[in-house]
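The residues of the chain are indexed from 1 along the displayed sequence.
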Amino acid sequence: QVQLVESGGGLVQAGGSLRLSCAASGRTFSNSAMGWFRQAPGKEREFAAAISWSGLRTSYADSVKGRFTISRHNAKNTVYLQMNSLKPEDTAVYYCAAESGSSRYPLSTVAEYDYWGQGTQVTVSS
């Protein structure tokens, strides 16, 4: 059974930092693109960041570019999201996602991912 488990969310003041982790189990994702999405109350799930299987290619939403960094450790089957200079508008539930294929490129749409975590809440106070 494939599982993606996010951790690292919490409450932080504006300007602060958080590091999210997503640990995968049930199969290896070392050859799969992985990503982070977020969903604020009353809004659709939106793309935040993605990384290719090799880690050499990354992609970011304009809203987080320059503040967030995605990385991965394939031996640990884990992907990370370092979030700096957080803003109140970053408040959302953050979801980890993985594809079942082997894309060489980061994937930025919900439909391209096959596995999802349960989400972790990030709240940024002003």
Side-chain angles (χ1 to χ4, degrees):
Q1 179 182 356
V2 175
Q3 279 192 311
L4 301 178
V5 179
E6 302 98 335
S7 61
L11 173 64
V12 65
Q13 287 188 331
S17 299
L18 284 174
R19 188 193 194 208
L20 305 184
S21 298
C22 171
S25 62
R27 60 159 281 182
T28 179
F29 289 101
S30 58
N31 291 326
S32 301
M34 297 186 75
W36 288 94
F37 290 73
R38 64 187 186 181
Q39 188 167 16
K43 296 188 176 181
E44 292 188 353
R45 192 168 299 189
E46 66 174 14
F47 169 71
I51 189 166
S52 63
W53 68 265
S54 66
L56 296 178
R57 295 182 176 93
T58 57
S59 177
Y60 298 92
D62 288 343
S63 58
V64 308
K65 201 171 294 182
R67 300 186 298 120
F68 290 11
T69 302
I70 189 171
S71 61
R72 66 189 299 163
H73 193 306
N74 285 341
K76 294 183 178 180
N77 222 16
T78 299
V79 65
Y80 307 95
L81 186 67
Q82 177 67 44
M83 307 185 295
N84 299 328
S85 302
L86 282 161
K87 305 174 181 180
E89 51 264 45
D90 294 318
T91 295
V93 176
Y94 283 70
Y95 296 91
C96 171
E99 62 151 348
S100 60
S102 55
S103 174
R104 294 190 301 164
Y105 300 95
L107 306 175
S108 59
T109 66
V110 170
E112 292 176 295
Y113 289 93
D114 303 288
Y115 303 101
W116 293 85
Q118 83 289 349
T120 185
Q121 176 71 45
V122 171
T123 303
V124 184
S125 63
S126 57

**Asked** Does the Asn31 side chain pair with the main chain of Trp53, one donor and one acceptor, at a distance under 3.5 Å?
**Response** no
**Request:** Could I get the full list of side chain to side chain contact (heavy atoms under 4.5 Å, CB included) partners for Thr69, not counting sequence neighbours?
**Result:** Tyr60, Gln82
**Fill in**
Taken to the nearest 0.5 Å, the spacing of Leu4 CG from Ser25 OG works out to 7.5 Å
**Prompt:** Going only through I, L, V, M, F, W and Y residues with side-chain contacts under 4.5 Å, is there a path from Leu18 to Leu81?
**Reply:** yes
**Request:** Measure across Leu11 and Ser125 and return the closest heavy-atom pair with its distance rounded to 0.1 Å.
**Result:** CD1-CB, 4.4 Å
**Prompt:** How far apart are the closest heavy atoms of Arg38 and Ala92, and which atoms are they?
**Reply:** CB-CB, 3.9 Å
**Request:** Look only at the side chain of Ser30 and the backbone of Thr28, and say whether a donor-acceptor pair between them is shorter than 3.5 Å.
**Result:** no
**Fill in**
Shortest non-hydrogen pair, Leu86 vs Arg67, comes out as CA-NH1, 3.9 Å
**Test: Lys65 and Asp62 ion pair at under 4.0 Å** = yes
**Asked** With sequence neighbours excluded, what pairs up with Arg57 under the side chain to side chain donor-acceptor pair (under 3.5 Å) test?
**Response** none
**Asked** With sequence neighbours left out, what residues match Glu112 under salt bridge (Lys or Arg N to Asp or Glu O under 4.0 Å)?
**Response** none
**Message:** To the nearest 0.5 Å, what is the distance between CD on Glu89 and OG on Ser126?
**Reply:** 10.0 Å
**Prompt:** Can you list the steps and then say if Thr91 with Gln121 is a side-chain contact (heavy atoms from CB on, under 4.5 Å)?
**Reply:** CA-CA 8 Å; Thr91 295; Gln121 176 71 45; 4.0 Å; yes
**Which residues share a side chain to side chain donor-acceptor pair (under 3.5 Å) with Ser102, sequence neighbours left out** = none
**Fill in**
Residues passing the salt bridge (Lys or Arg N to Asp or Glu O under 4.0 Å) test with Lys43, sequence neighbours excluded, are none
**Prompt:** Among pairs that include at least one residue of residues 7-46, which meet ring-ring contact (aromatic ring centres under 6.0 Å, His included), considering only residues two or more places apart or in two chains?
**Reply:** Phe29-Tyr115, Phe37-Phe47, Phe37-Tyr113, Phe37-Trp116
**Message:** Going by the rule side chain to side chain donor-acceptor pair (under 3.5 Å), which residues pair with Ser32 if we only count those two or more places apart in sequence or in a different chain?
**Reply:** Arg27
**Request:** Can you sort out the partners of Arg104 under side chain to side chain donor-acceptor pair (under 3.5 Å), two or more places apart, ordered by chain and number?
**Result:** none
**Item:** Sequence neighbours excluded - side-chain hydrogen bond (donor to acceptor under 3.5 Å, both in side chains) pairs with any residue from residues 3-17
**Value:** Glu6-Gln118, Ser17-Asn84
**Fill in**
Residues pairing under disulfide bond (SG atoms under 2.5 Å apart) where one sits in residues 25-59, two or more places apart or in two chains, turn out to be none
**Request:** With sequence neighbours excluded, give me every disulfide bond (SG atoms under 2.5 Å apart) pair touching residues 5-119.
**Result:** Cys22-Cys96
**Request:** Give me the one residue out of Asp90, Val122, Val64 that meets side chain to side chain contact (heavy atoms under 4.5 Å, CB included) with Met83.
**Result:** Val122
**Prompt:** Do any N or O atoms from the side chain of Arg72 and from the backbone of Ser52 form a donor-acceptor pair under 3.5 angstrom?
**Reply:** yes
**Item:** Working for side-chain contact (heavy atoms from CB on, under 4.5 Å), residues Lys76 and Ser21
**Value:** CA-CA 11 Å; Lys76 294 183 178 180; Ser21 298; over 6 Å; no
**Fill in**
Applied to residues 70-98, the ring-ring contact (aromatic ring centres under 6.0 Å, His included) test, sequence neighbours excluded, yields none
**Message:** Using the rule that Ile, Leu, Val, Met, Phe, Trp and Tyr join whenever any side-chain heavy atoms are under 4.5 Å apart, tell me whether Val124 and Phe68 fall into a single cluster.
**Reply:** yes
**Prompt:** Out of curiosity, does Val93 fall in the hydrophobic cluster containing Val110 (side-chain heavy atoms, cut-off under 4.5 Å, transitive links)?
**Reply:** yes
